[in-house]
*Asks:* 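Take this structure first; my questions come after.
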Amino acid sequence: MNEATIQKIKERLATLKKLPGIGQKSVAEVLEEHGFTRRDFLKWSAAMAVMLGLPTKFSPLIAEAAEVSDRLPVVWLHLAECTGCSESLIRNDSPTIDNILFNFINLQYHDTIMAAAGWQAEENFEEAMEKFAGRFVLCVEGGVPTKDGGEFLTIGPHAETGLEKLKRTADKAAAVISVGTCSSFGGIQAAAPNPTGVKGVYQVINKPVINVPGCPPSAKNIVGTVLYVILFGALPAVDNFNRPKFAYGLRIHDLCERRGHFDAGEFVEEFGDHGAENGFCLYKVGCKGPYTFNNCSRERFNQHTSWPVQAGHGCIGCSEPDFWDSMAPYEEPLANHKFASATVDATADKIGATILVVAGVAIVAHAALSAIKNPKE
Amino acid sequence: MKITKKIVNKIEGEASLKIYGEEKVDFVEIEFWQYRGVESYLINRPVMDALVINPRICGICGHSHLFATVKAIENAVNAKVSKKAEILRDITVGLEIVENHIKWFYITLFPTQIKDKKYIFKAGEFAALISKAIALIAGQYPHNSYMVPGGVTSDPTNLEIIKLKDLLNKIYEKYQEKIMDLNLNSEDIELFFENLPKDIGKSINRFLVLGDNLFFKKNGDVNLVKEVENSSLSKNVLYNGEFVEVGPLARNINNENIRKIYNNYKNSIFTRILTRVYEGLLILEYLINKIKEIDICEPSYIKCGMSNSKGIAAVEAPRGSLIHEIEIKNGKIAYYNIIVPTQFNLSSSKDKNKLSAAQSAMINEKKEYIDSIFKCFDICAVCVSH
Ligand code: SF4
Ligand code: SF4
């Protein structure tokens with residue numbers, strides 16, 4: 001990225017700065033109230049730059065972008081889902097800068113955490129639609145039921161279907177972000193036999209959608225994507241499932257702490273065995289890390305505390321399209337299945353494939369066995 | 001008669017109320033208009049898949065759904081579990097309840113009376129600490145599958161247990177300082193009731209506890225529960241032919257301190273809210289003692305087989321008794337049924353003489369109180385639309 005890009009960002013931020021914020025207090029003041037110093041804030045922006053894959057000289061710009069994040073109107077819709085994504089976000093760091101920022105962005109409408117309720121909430125929604133037409137970012141949580149005209153999900157006093165509400169909101173949005181696997185690809189309710197005909201947002205609207213999948217996605221990936229939009233006024237570079245490359249560019253497997261054991265052919269054969277006690281690789285008890293593009297093994301969850309593989313359960317592949325069907329059974333190895341994502345990134349694919357072949361003898365033998373194996377006795 | 005339709009949102013989804021009456025509520029019907037079909041996509045999948053799918057019924061109490069799934073399978077296959085695994089499960093399930101109560105109080109209920117974002121931050125602070133504690137054992141929160149039939153997949157080290165003890169104590173102290181003390185004093189609850197009568201929302205006074213996890217004692221038999229269709233996309237639930245109330249008030253009604261409040265305010269909105277917030281403290285206290293009993297040398301997991309059979313389990317989830325039922329055939333799921341606490345409390349009856357807990361609490365009260373009364377049951381529309 002060159003000087004011209006930086007110049008452009010600066011101009012963009014300067015324009016944003018002229019817009020009114022939502023509260024009487026500035027972001028900086030609110031951070032200070034919560035005990036963050038300027039230094040903490042700069043440290044955070046540097047870390048954010050790294051996570052977004054930007055050179056460190058961008059970190060002051062990220063700080064600036066965060067400071068004007070209250071200028072960006074966001075509308076958050078809930079469709080068919082379990083609210084896990086919002087939950088993941090609400091309980092993001094304690095109280096961390098991401099968390100404060102999320103609460104501080106100009107959230108015009110969010111069912112779970114907005115202060116308004118009932119009719120008033122509906123009014124807020126319609127008002128935001130008018131006032132910020134063409135300017136707000138739409139975040140969608142949840143898949144879109146489409147069967148029988150979408151009647152399995154209706155919202156609000158006029159029983160509008162989720163499908164209709166999404167379409168008319170997306171029409172007026174400046175950018176659409178699908179938060180989580182449900183809105184990205186349909187998610188759990190779209191699992192076979194998909195009784196309510198759920199689809200991903202990108203399948204039902206005519207606009208570019210940025211997918212931030214995960215079940216739930218890490219708060220960092222959500223906040224990172226939103227910040228990116230503020231920073232550049234554009235969507236980040238994506239792979240062919242429209243996932244931001246900064247977060248979904250590598251496989252879980254590539255940075256997994258158990259990777260050494262995989263390469264050495266040391267596997268947990270069943271839960272609770274000697275391998276489990278010694279932190280061996282979870283491939284044979286179903287880990288889908290080699291097929292899954294996401295940054296959990298690097299960013300972890302809940303303030304960098306842990307992630308599923310660390311707690312002894314394999315990755316289930318939650319950021320991949322159709323993973324509820326294609327990655328099942330979740331506690332058995334996939335054998336030699338080919339996945340949609342496996343062709344996304346030729347380099348990563350090659351590296352993964354080679355290593356899978358090197359360590360492959362054991363796996364292939366196991367896979368062949370499991371393919372004909374009867375269900376567990 | 002005047003009929004108004006009211007949409008109640010911010011309950012992890014929304015419910016629609018058909019309210020009959022002018023100033024006061026003469027009658028009310030409760031409807032849920034979302035459906036996802038979890039039971040249908042479990043069919044024919046390998047049994048273990050239920051462990052990964054079911055937490056996704058709800059992002060708020062996914063852990064309870066995981067726990068109920070594991071117990072239903074364990075009951076079906078007669079699995080054994082070590083004491084260590086049981087305590088670890090207690091800790092994560094208990095912490096989920098504590099976290100739920102805090103978030104419910106400050107994020108869902110509070111805004112019905114007080115519009116101030118600072119309480120959202122307050123809840124977020126606790127939620128983050130608690131999630132961190134859960135993640136230490138479970139790997140991630142929300143949504144993980146660290147419980148498996150026969151135990152848990154994680155093997156915490158001594159260091160992790162020490163960290164966890166530390167966190168539990170910290171949360172417990174902070175709770176007393178910022179939310180409620182051991183004598184049930186809470187500035188925030190008083191603030192909430194500044195403009196709201198404490199004695200509204202009295203209900204049917206029939207309390208049911210079906211789970212026996214944590215320190216809760218069951219007072220009923222899960223086989224007497226029956227599900228019946230109602231006019232919306234959810235189902236009514238009866239116990240022994242009657243509607244009942246489940247949840248924190250039901251399971252703590254015999255607690256000495258709660259009894260005192262109950263004697264003054266009966267089963268009103270105030271007693272219900274106070275008990276839910278107080279239960280958080282009780283659970284923390286219980287866990288702080290329980291964690292001392294962990295012997296890290298015990299196995300985390302004891303292998304169990306899969307057999308063709310049926311299993312049913314009830315556990316106490318944040319909002320009350322949660323039931324999972326499974327039938328296993330050749331290692332696959334042949335039948336699955338889920339009954340969530342909100343269904344018990346929020347059943348919608350057409351019969352004025354036989355009302356569900358929430359209906360009965362709203363009837364005869366002023367319409368302006370409906371939002372708060374309805375929400376004092378800690379409704380979860382996501383769970384209902386499973
Ligand atoms: S297979 Fe899973 S556990 Fe093993 S190294 Fe890869 S990501 Fe880690
Ligand atoms: S480790 Fe795998 S299953 Fe778990 S959250 Fe990350 S991508 Fe999803």
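Naming convention: chains lettered A, B, ... in sequence-line order (proteins, then strands); numbering from 1 in each chain. All values below were derived from every heavy atom in this structure, side-chain atoms included, with hydrogens, water molecules and symmetry-related copies excluded.
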*Asks:* Between OG of B:S154 and NE2 of A:H313, what distance do you get to the nearest 0.5 Å?
*Replies:* 11.5 Å
*Asks:* What are the two closest heavy atoms between B:Y301 and A:F271, and how far apart are they?
*Replies:* CD2-O, 2.8 Å
*Asks:* Looking only at heavy atoms and a cut-off of under 4.5 Å, which of B:N44, B:V52, B:D155 has the most pairs with chain A?
*Replies:* B:V52
*Asks:* Quick check: closest heavy atoms across A:S306 and B:A135, and the distance to 0.1 Å?
*Replies:* CB-O, 3.5 Å
*Asks:* Looking at every non-hydrogen atom in both residues, tell me the closest pair between A:P193 and B:S40 and how far apart they are.
*Replies:* CD-O, 3.9 Å
*Asks:* So which heavy atom on B:Y41 is nearest to which on A:A192, and how close?
*Replies:* CB-O, 2.9 Å
*Asks:* Just checking A:K199: does its NZ atom have more than 12 heavy atoms from other residues, nucleotides or ligands closer to it than 6.0 angstrom?
*Replies:* no
*Asks:* Kindly compute the distance separating CG (B:L51) from OH (A:Y330), expressed to the nearest 0.5 Å.
*Replies:* 11.0 Å
*Asks:* Does any heavy atom of chain A fall under 4.5 Å from the side chain of B:S300, the backbone, both, or neither of them?
*Replies:* neither
*Asks:* When heavy-atom pairs shorter than 4.5 Å are enumerated against chain B, which of A:V285, A:D325, A:V268 gives the highest number?
*Replies:* A:D325
*Asks:* If you measure from OG1 on A:T305 to CD on B:E160, what distance do you get to the nearest 0.5 Å?
*Replies:* 10.5 Å
*Asks:* Is A:E332 close to B:D49 at the side-chain level, that is, under 4.5 Å between some pair of heavy atoms?
*Replies:* no
*Asks:* To the nearest 0.5 Å, tell me how far A:Q310 CD sits from B:L136 CG.
*Replies:* 8.5 Å
*Asks:* Give me the atom names and distance for the closest heavy-atom approach of A:C215 to B:Q140.
*Replies:* O-NE2, 4.4 Å
